[in-house]
Amino acid sequence: MGRVSAAFVLLWVNIALQGALLYYTRVFVAEKREFSIRTDYDNYEAHMYGGDDSHFVFTPNGFRRGLPEFFQPALFASLDESVKEGACSIPLSQPLFLALVLFIWTLMCLGELRRCGELFHCLTLSTPR
């Protein structure tokens, strides 16, 4: 019974550490980058839809989103290079990068599930009574 209890304690410690890591990544990394991305995309939208407030709807966060009928692709040539750089480097806008990250994350999750199943089998089903 002691080994099973120790395994469950370690499991919950592992889950708590992963939760803490996700929380602190969100607070210290993602929120700052998220605001930067929203600002870059807002600048892109403002230029590509002509800049008139009647061409936009505003998100709950106050950022512009253009109405489809006012989109002007020809304006991309006159877009400032820094705005192009910011809008085109939004991480999840790159499908290949996103697919790679999701694939690696999926493999890690499957490996963790396999290890949990093996540990469960060893501790509960294969342990002599």
Side-chain angles (χ1 to χ4, degrees):
M1 190 65 172
R3 287 188 286 177
V4 173
S5 298
F8 277 109
V9 168
L10 288 175
L11 172 70
W12 286 108
V13 167
N14 185 357
I15 291 171
L17 287 173
Q18 289 181 33
L21 183 63
L22 285 173
Y23 172 76
Y24 288 119
T25 300
R26 170 80 177 148
V27 169
F28 296 122
V29 178
E31 285 181 1
K32 292 174 184 149
R33 184 64 180 130
E34 178 184 342
F35 181 77
S36 172
I37 288 170
R38 286 181 185 211
T39 303
D40 289 344
Y41 194 70
D42 183 66
N43 292 335
Y44 167 80
E45 293 263 322
H47 185 81
M48 295 301 291
Y49 288 85
D52 185 356
D53 279 348
S54 66
H55 297 180
F56 304 99
V57 295
F58 288 86
T59 67
N61 298 320
F63 294 103
R64 293 173 275 228
R65 294 298 172 259
L67 298 170
E69 60 269 17
F70 297 111
F71 183 66
Q72 301 171 33
L75 290 176
F76 190 76
S78 63
L79 191 60
D80 185 49
E81 285 300 318
S82 65
V83 176
K84 283 182 187 177
E85 177 76 24
C88 293
S89 67
I90 296 173
L92 299 182
S93 69
Q94 306 300 319
L96 192 57
F97 174 74
L98 177 61
L100 180 64
V101 169
L102 290 177
F103 178 70
I104 291 170
W105 177 70
T106 302
L107 289 179
M108 296 301 294
C109 289
L110 290 174
E112 185 74 22
L113 286 173
R114 180 178 177 205
R115 281 192 297 274
C116 287
E118 289 171 353
L119 184 60
F120 174 78
H121 178 73
C122 290
L123 292 174
T124 58
L125 303 177
S126 298
T127 305
R129 294 179 192 219

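The model shown is predicted, which means the values in this text are computed figures rather than measured ones.
Pairing each heavy atom of L123 with each of V4, the nearest pair is O-CG2, 4.2 Å. Of all heavy-atom pairs spanning V83 and D40, the tightest one is CG1-O, 4.4 Å. The two residues R26 and E34 make their nearest non-hydrogen contact at NH1-OE1, 2.9 Å. For R33 against S89, the heavy-atom pair with the smallest separation is NH2-O, 3.9 Å.
The NZ atom of K84 sits 10.5 Å away from the OH atom of Y44 when rounded to the nearest 0.5 Å. The CZ atom of R64 lies 10.5 Å from the OG1 atom of T59; values are rounded to the nearest 0.5 Å. E112 contributes atom CD, which lies 8.0 Å from atom CG of L11 (distance to the nearest 0.5 angstrom). Of the inter-residue distances, the one linking H121 atom NE2 with L119 atom CG reads 11.0 Å to the nearest 0.5 angstrom. Rounded to the nearest 0.5 angstrom, E85 CD and D80 CG are separated by 11.0 Å.
Between F71 and Y49, the distance from one ring center to the other falls under 6.0 angstrom.
A single hydrophobic cluster is seen to contain both F76 and L67, as judged by linkage of ILVMFWY side chains at heavy-atom distances under 4.5 Å, directly or through other members. At a threshold of 4.5 Å between side-chain heavy atoms, the hydrophobic network of Ile, Leu, Val, Met, Phe, Trp and Tyr places F70 and L75 in one connected group. Under the 4.5 Å side-chain heavy-atom criterion for Ile, Leu, Val, Met, Phe, Trp and Tyr, L102 and F97 are members of distinct hydrophobic clusters. Linking Ile, Leu, Val, Met, Phe, Trp and Tyr whenever their side-chain heavy atoms come within less than 4.5 Å leaves W105 and L100 in two separate clusters. Tracing side-chain contacts under 4.5 Å through hydrophobic residues (I, L, V, M, F, W, Y), one never reaches W12 starting from F120; they form parts of separate clusters.
By the neighbour-count criterion of 12 heavy atoms within 6.0 Å, atom CG of L125 is densely surrounded, having more than that number from other residues, nucleotides or ligands.
Among L21, N14, L22, the single residue meeting the side chain to side chain contact (heavy atoms under 4.5 Å, CB included) criterion with Q18 is N14.
Under a 3.5 Å cut-off, the side chain of H55 and the backbone N or O of G50 do not form any donor-acceptor pair.
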What verdict does the side chain to side chain contact (heavy atoms under 4.5 Å, CB included) test give for T39 and S36, after you've listed the backbone C-alpha separation in whole Å, the side-chain angles of each residue and the deciding distance to 0.1 Å? CA-CA 5 Å; T39 303; S36 172; 5.8 Å; no
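Between F56 and F58, the two ring planes are tilted [angle within 30° to 60°].
Ion pairing of R115 with E118 is absent here, as no side-chain N (NZ or NE/NH1/NH2) approaches a carboxylate O to less than 4.0 Å.
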